[in-house]
Chemist: 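Below is a structure I'd like to ask you about.
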Amino acid sequence: MTSEARVAEQVIRKRRVVLKMSGEALASSASDETIDGGVVEHFAREITVARAELDLELAIVVGGGNIWRGTTGEAQGLDRTTSDTMGMLATVINALALQDAIEHHGQPTRVLSAISMAEVAEPYIRRRAIRHLEKGRVVIFAAGMGNPYFTTDTSAALRAAEIEAEILLKGTHSGVDGVYSADPKLDSSARRYDELAFMDVVNQDLRVMDLTAITFCKDNRLPVLVFDLMGPGNLHRALAGEEIGTLIR
Ligand code: UDP
């Protein structure tokens, strides 16, 4: 590529970001619902407004833990691979709920599934995902990466690398607004890190994401921002690159 072409590409290319949200973020302890309509609506509004105002390309990876986790079934004697497949299908249910809510706000959205199910979602094809993003659609990656024994954190890291996203935003839903030196709910002296190196996360065994996901991000130089997804306006701040949560790089 000539230097002029490279400059032109840099000017034209918008910021591309992947947001990972857990399935449990869609649930509600208040209503005891697996998927709470009010919570989904809240996210849909925040996602639509932030994407439009910041004019960036946004892809989302949603987990399935509010419905099923592979380890849940395994503990009950289910074959692990079957149980993981159930977990991946759970993510599709969440993805469809999110898509529906986001599109109610007028934001075109595509669900791309790693497990083929042509009647409900497009298959995951990297180039198609990028094309959707370039056209201003929000892309929701569903069914993890289609392989058992992984989590959606690792899927989010993989997809982010594949589509050359500049950062992976890991939204938490447990009320913890970043990475702390100890569990802030148990230890009042725990302090939040503004920034951390990947090796610190690994060496100190800080439970940010699973180790496979963290080492993948480290190896592929993919920065991760851990932030509280539930706070009003936080998603906008994280997407805008404001100082929030803990940045790992
Ligand atoms: N899963 C899988 N392969 C993947 C992604 C997910 O087998 O690539 C399964 C796994 O069983 C996992 C479940 O899907 O427990 C739901 O995903 P996850 O636990 O990551 O959801 P979250 O905790 O983010 O809601």
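Each ligand, and each atom within it, is numbered from 1 in the order the structure gives. Since we're looking at a predicted model, the values are computed, not measured.
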Chemist: Would you please test H236 and E46 for side chain to side chain donor-acceptor pair (under 3.5 Å) and show each step?
Modeler: CA-CA 7 Å; H236 194 291; E46 292 230 332; over 6 Å; no
Chemist: With the threshold set at 4.0 Å, does a side-chain nitrogen-carboxylate oxygen contact exist between R80 and E74?
Modeler: yes
Chemist: Under 4.5 Å between side-chain heavy atoms, chaining through other members, with only Ile, Leu, Val, Met, Phe, Trp and Tyr counted: pull out the rest of the cluster around Y180, sorted by chain and number.
Modeler: V176
Chemist: List, ordered by chain and residue number, the protein residues whose closest non-hydrogen atom lies under 4.0 Å from any atom of ligand 1.
Modeler: K20, S22, G23, G63, G64, G65, W68, R69, G70, D84, G87, M88, G144, M145, N147, P148, Y149, F150, T151, T152, S155
Chemist: For residues 35-44, tabulate all N or O donor-acceptor pairs below 3.5 Å that involve a side-chain atom, not counting sequence neighbours.
Modeler:
from, atom 1, to, atom 2, distance (Å)
D36, OD1, G38, N, 2.8
D36, OD1, V39, N, 3.0
D36, OD2, S28, OG, 3.3
D36, OD2, S31, OG, 2.6
E41, OE1, H105, NE2, 3.2
E41, OE2, R45, NH1, 3.2
E41, OE2, H105, NE2, 3.0

Chemist: Please list every donor-acceptor pair under 3.5 Å in which a side-chain atom of residues 208-220 meets a protein atom from a residue at least two apart or in another chain.
Modeler:
from, atom 1, to, atom 2, distance (Å)
D210, OD1, T154, OG1, 3.1
D210, OD1, T212, N, 3.3
D210, OD1, A213, N, 3.1
D210, OD2, T151, OG1, 2.5
T215, OG1, L211, O, 2.8
T215, OG1, T212, O, 3.1
N220, ND2, F216, O, 2.8

Chemist: Between the side chains of R13 and E164, is the shortest nitrogen-to-carboxylate-oxygen separation below 4.0 Å, so that they form an ion pair?
Modeler: yes
